[in-house]
Amino acid sequence: MTASPEMAVGSQTLDFDSLVVLLEQVFQRNGTSAEVAAILARNCAGAERDGAHSHGVFRIPGYVSTLASGWVNGKAVPVVEDVASGFVRVDAGNGFAQPALAAARDLLVHKARSAGIAVLAIRNSHHFAALWPDVEPFANEGLVALSVVNSMTCVVPHGADRPLFGTNPIAFAAPRAGGEPLVFDLATSAIAHGDVQIAARKGERLPVGMGVDSLGQPTQDPKAILEGGALLPFGGHKGSALSMMVELLAAALTGGNFSFEFDWSNHQGAKTPWTGQLLIVIDPSKAAGQGFAERSEELVRQMHGVGLKRLPGDRRHQQRARSLEQGIELDGQVLAELRELAGG
Ligand SMILES: NC(=O)C1=CN([C@@H]2O[C@H](COP(=O)(O)OP(=O)(O)OC[C@H]3O[C@@H](n4cnc5c(N)ncnc54)[C@H](OP(=O)(O)O)[C@@H]3O)[C@@H](O)[C@H]2O)C=CC1
Ligand SMILES: O=C(O)C1=NCCCC1
């Protein structure tokens with residue numbers, strides 16, 4: 001869905017629930033079960049509502065072409081295994097990661113609350129979305145959550161000359177007493193692959209230091225990165241080390257694929273990395289007693305006190321409030337294409 005300027009028919013607004021319903025129809029019509037459609041639609045609409053455009057409706061054609069290619073099982077039923085007091089394992093059955101998390105969630109929270117900490121290892125799964133929706137709900141319930149997911153080879157490890165890692169995001173959420181949970185969600189690459197695609201479509205150049213061309217030379221041209229080039233980790237060796245950690249936790253520890261391990265070349269249109277995801281959930285009341293959210297708030301006060309204007313998550317929550325009040329603005333052409341994918 002690439003509304004070129006000459007195709008654009010202006011923007012239209014849709015309320016959140018209507019967008020969820022429309023996306024549910026798209027997913028179901030294109031090969032998922034009703035249960036999977038409901039979960040993915042809410043996730044994708046939530047990203048659009050919060051202004052996380054690289055993982056909002058922009059991703060729908062990728063979901064649809066992937067489902068059509070047979071690469072992912074849109075009707076997979078995850079199998080949850082209660083393996084140890086603090087450990088839950090899920091085989092996503094070559095389906096999407098979010099239904100696997102949903103299937104294991106109650107058991108995970110029960111374990112985190114009783115043992116103080118619990119780990120969820122999801123394997124055989126596809127993650128094509130933003131990571132914050134996976135962690136933020138835990139913080140809304142007073143828990144601390146950390147999640148990592150690996151993706152597909154497109155990032156050159158620091159000091160190497162060819163790509164190996166995925167864009168491998170890390171998301172963290174913690175409750176705070178006086179506001180929305182503290183949440184950050186960041187790719188360990190200098191820029192998310194989705195944002196490179198968006199820049200290429202808009203004909204925009206990237207900032208310095210995001211990627212290299214097919215000859216390994218630094219480039220600001222997003223097309224050169226996408227067509228034979230690669231991304232760089234953020235922060236040189238530091239981001240590279242975090243990306244390596246994500247490969248180990250999300251793939252080696254879960255039993256999922258490393259970012260370099262799967263071959264989708266026989267599935268034309270496949271876009272969803274077939275990897276793994278790890279979540280760690282902590283009940284802070286088992287550690288420092290009941291004061292964690294107040295301590296978070298104190299940290300926020302101190303950060304504001306030294307002049308910090310924007311916390312991670314602030315922009316998203318401000319956009320969420322705007323979207324809920326005024327509706328979610330979508331390009332008219334994009335909306336028309338979504339309706340067509342939903343069956344008219
Ligand atoms: N499924 C997958 O395999 C992959 C998914 N992704 C997703 O792509 C998305 C985009 O990632 P990325 O481009 O790295 O994200 P950004 O660089 O846009 O943002 C990273 C984090 O930093 C915060 N932030 C940004 N600017 C500031 C600032 N000036 N001051 C304080 N905080 C700030 C953001 O908060 P805020 O949101 O409020 O702006 C966000 O929490 C993520 O949701 C990620 O999960 C990425 C790679 C792979
Ligand atoms: O933006 C990214 O980077 C990715 N998002 C979804 C999965 C592939 C990588």
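Given the structure is predicted, the values throughout are model-derived calculations rather than measurements. FYI, side chains are in, hydrogens and waters are out, and symmetry mates aren't considered; it's all heavy atoms of this structure. Whatever order the structure lists them in is the order used to number ligands and atoms, beginning at 1.
- Here the heavy atom of the protein found nearest to atom 47 (C) of ligand 1 is T167 OG1, 3.2 Å.
- R320 and E180 are not joined by a salt bridge, as no carboxylate oxygen comes within less than 4.0 angstrom of a charged side-chain nitrogen.
- Considering both main-chain and side-chain atoms, G194 comes within under 3.5 Å of ligand 2 through a nitrogen or oxygen pair.
- Ligand 1 lies nowhere less than 4.0 angstrom from a heavy atom belonging to A52.
- At a distance under 4.0 Å, no protein heavy atom can be found next to atom 17 (O) of ligand 1.
- Residue contacts with ligand 2: H193 is placed with a nitrogen or oxygen under 3.5 Å of a nitrogen or oxygen of the ligand (distance criterion only).
- The aromatic rings of H126 and W274 sit parallel, their planes meeting at an angle under 30°, below the 60° perpendicular limit.
- If you look at A129 next to ligand 1, the close heavy atoms, those under 4.0 Å, all belong to the backbone.
- For K271, no heavy-atom contact with ligand 2 is shorter than 4.0 Å.
- A side chain to side chain donor-acceptor pair (under 3.5 Å) with N150 is found for exactly one of H127, E247, Q277, namely E247.
- Within the 4.0 Å heavy-atom criterion, the part of P273 lying near ligand 2 is the side chain and not the backbone.
- Considering backbone and side-chain atoms alike, F184 places every N or O at 3.5 Å or more from each N or O of ligand 1.
- The side-chain heavy atoms of L324 and F16, taken from C-beta on, include a pair separated by under 4.5 Å.
- When each of K111, R89, H110 is checked for a side chain to side chain donor-acceptor pair (under 3.5 Å) with D82, only K111 meets the rule.
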